[in-house]
2 protein chains.
Amino acid sequence: MSSAEVLASVDIVALRLTPESQRLQVLLHQRQRLPYKGQWALPGVIVNGSTADSNLDAAACRALAEKAKVYPRHLEQVGTEGNGSRDPRGWTLSTYYLALLDPAVVVEDPQIAFLDLQGVLDNEPPLPFDHRLLVERAYERLAAKAVYTNLPLYLAPERFTVLDALSAAQACLGQPVNNTSLRKRLERMKSEGWVQDTGEKNQPRLGRPQQLYRHTPQGNGAFMFDRSLLAGG
Amino acid sequence: MSSAEVLASVDIVALRLTPESQRLQVLLHQRQRLPYKGQWALPGVIVNGSTADSNLDAAACRALAEKAKVYPRHLEQVGTEGNGSRDPRGWTLSTYYLALLDPAVVVEDPQIAFLDLQGVLDNEPPLPFDHRLLVERAYERLAAKAVYTNLPLYLAPERFTVLDALSAAQACLGQPVNNTSLRKRLERMKSEGWVQDTGEKNQPRLGRPQQLYRHTPQGNGAFMFDRSLLAGG
DNA sequence: TGAATAGTGTCTATCAGACAATATATT
DNA sequence: AATATATTGTCTGATAGACACTATTCA
């Protein structure tokens, strides 16, 4: 029943905001091979299979580049699932990553699509393997980190307004976020060099123009706040 | 250079507090096989190799049970390292876990030892493979979570005093923790059922007796506080 | 001028943290 | 009584959050 080696793959849960910045979408790709040929699934590759990989993170980048020609703003490993039932081919491992994309990314490949995250979590459409579970875990990671880091900003446009940042945070958390609190967080990040005021403005259909900011991460990690955004429930 | 399958293992970074509750120690085991036979290394097993594993978590439990006959209070997956240079046998994957042990655990097996965590991080003794890196990552996870969860309590004795909880937190964070803040956290946990007052007391050599508490987790996750313990720097 | 939207200022509640005050034991 | 330790209470500071107020545009 068991052998010394197992089939190992890397799967990517790549998220972006819809153009209206209201909802999250998952990048899926239509499988070209068995099993589950033709179904929408997470982009992934076999680790160090027909293509050599220097390490797992490189394999993750390769998966996104090969399958979707997309380069993420943020990429982090979430976990590894391994058991004998997730893949009909036998005992397999999948290390899965959370990737956050620029909302401006375009994909013309018809085998690639962005589907509504909440739909996927509700099994619409159902994904093969345990991909729905992987999506859920990756989203949980994002939601947990959105409470006390700037992770949502990696989903906002290159130059963003306060409203863009607010929408991103709300999409990550799945609930309303206090406008004042978010502004204060942006202020603090500005004073620490993580956000810059571009000086430019964006004119909405009506009303006062919106200031445009730019996200300028100082280092690899995320900016950590020392309080939860959801303290008051 | 590459094949369809890779060697996958699970390694455990199991920590406990020293009897004086001042420092953390890592559980290591003396390797019985090549490579690195005779050296102190993390306990681990080949996933679904000569022994079948229903899933990765089960393999992690098996590693601890087989190698050290130890059962952790808390076990969580930290990450997976995979590359061609970490193991002389070729391209390998290791999924590594953080395990928190009761300080009362005893191990009589001479092939098992608890070595000082800080020493191991300083390469004393040097560990084979990339085990030092895995230890570092697991400890980073613990330190990060100690800031806003009750994770350190899983390292405290079954019935603990405020001082025990304080020592555990300090050992996890690697820096002093405010006594008042910790007491208030215990108060809150008590009001939410996560800590119980046993009514018993412990008499130190001198001075007022210490109240003894018991840690009673309500569910699988950790208790989350909505502020950092280290907000003031 | 009025509607719509953006941005600022003020106040409250909560909790980390410093520190003083009190309680309970041993010698 | 003196000392040591634990525990309680008081005060300050930072910041999330609610909300009122001001600013800037278009129709």
Side-chain angles (χ1 to χ4, degrees), chain A residues 20-22 146-150 152 156-157 159-167 169-170 173 175-192 194-195 197-213 223-233, chain B residues 20-21 146-150 152 156 159-167 169-170 173 175-192 194-195 197-213 223-233:
Chain A
E20 323 81 56
S21 298
Q22 298 304 314
V147 171
Y148 58 94
T149 74
N150 67 329
R159 288 177 308 165
F160 64 92
T161 66
V162 172
L163 209 57
D164 288 327
L166 196 69
S167 299
Q170 289 176 157
L173 290 165
Q175 62 185 281
V177 166
N178 184 280
N179 184 298
T180 309
S181 305
L182 192 106
R183 280 175 183 282
K184 286 179 179 169
R185 287 192 164 193
L186 286 177
E187 272 311 306
R188 178 118 60 82
M189 292 183 67
K190 207 162 78 177
S191 74
E192 306 219 11
W194 279 69
V195 161
D197 199 331
T198 63
E200 300 171 66
K201 311 247 174 194
N202 182 46
Q203 188 54 55
R205 254 182 3 95
L206 215 57
R208 181 171 171 171
Q210 309 165 302
Q211 291 176 33
L212 283 171
Y213 300 91
F223 188 95
M224 302 261 302
F225 302 97
D226 60 331
R227 298 219 193 154
S228 162
L229 251 192
L230 308 174
Chain B
E20 324 82 55
S21 297
V147 171
Y148 60 94
T149 74
N150 65 330
R159 289 177 308 165
F160 64 92
T161 67
V162 172
L163 209 57
D164 288 326
L166 196 68
S167 299
Q170 289 176 158
L173 291 166
Q175 61 184 282
V177 167
N178 184 278
N179 184 298
T180 309
S181 306
L182 192 105
R183 281 178 180 283
K184 286 179 180 170
R185 286 192 165 195
L186 286 178
E187 271 312 306
R188 179 118 58 85
M189 291 182 69
K190 206 161 80 177
S191 75
E192 306 219 12
W194 279 69
V195 161
D197 199 330
T198 63
E200 302 170 66
K201 310 246 175 196
N202 182 47
Q203 187 55 55
R205 257 185 356 99
L206 217 58
R208 181 171 173 171
Q210 308 165 301
Q211 291 179 33
L212 283 171
Y213 300 91
F223 188 95
M224 302 261 304
F225 302 97
D226 60 331
R227 300 219 192 156
S228 163
L229 251 192
L230 307 175

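Naming: A, B, ... by sequence-line order, numbering from 1 per chain. Fair warning: this is a prediction, and the values are worked out from it, not measured in the lab.
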Mind checking what makes side chain to side chain donor-acceptor pair (under 3.5 Å) contact with [X], not counting sequence neighbours?
X	answer
A:Ser21	none
A:Ser167	none
A:Asp197	none
B:Arg208	none

Grab the [atom1]-[atom2] distance between [X] and [N] for me, whole Å please.
X	N	atom1	atom2	result
A:Lys190	C:dG7	NZ	C1'	11 Å
B:Leu212	C:dT24	CG	C1'	15 Å
B:Phe223	C:dC15	CZ	P	10 Å
B:Asp164	D:dT7	CG	P	11 Å
B:Arg227	D:dA16	CZ	P	9 Å
A:Leu163	C:dA4	CG	C1'	13 Å
A:Leu229	D:dG17	CG	C1'	10 Å
A:Arg185	C:dG7	CZ	C1'	19 Å

- Item | Side-chain touch A:Lys190/A:Tyr213, heavy atoms, less than 4.5 angstrom | yes
- Task: For each nucleotide in nucleotides 18-27 of chain D, reading 5' to 3', give B when a protein heavy atom comes within less than 4.0 Å of its base, S when such contact involves only the sugar-phosphate, and - otherwise.
- Result: BB---BBBS-
- Note on the structure: Of B:Gln210 and A:Arg188, the one whose nearest nucleotide on DNA chain D sits closer to the 5' end is B:Gln210
Would you list the atom pairs, donor with acceptor, under 3.5 Å between side chains in residues 200-207 of chain B and any protein atom, with sequence neighbours excluded?
residue	atom	partner	partner atom	Å
B:Glu200	OE1	B:Arg159	NH1	2.2
B:Glu200	OE2	B:Arg159	NH1	2.8
B:Asn202	ND2	B:Gln210	OE1	2.8
B:Gln203	NE2	B:Gly207	O	2.8

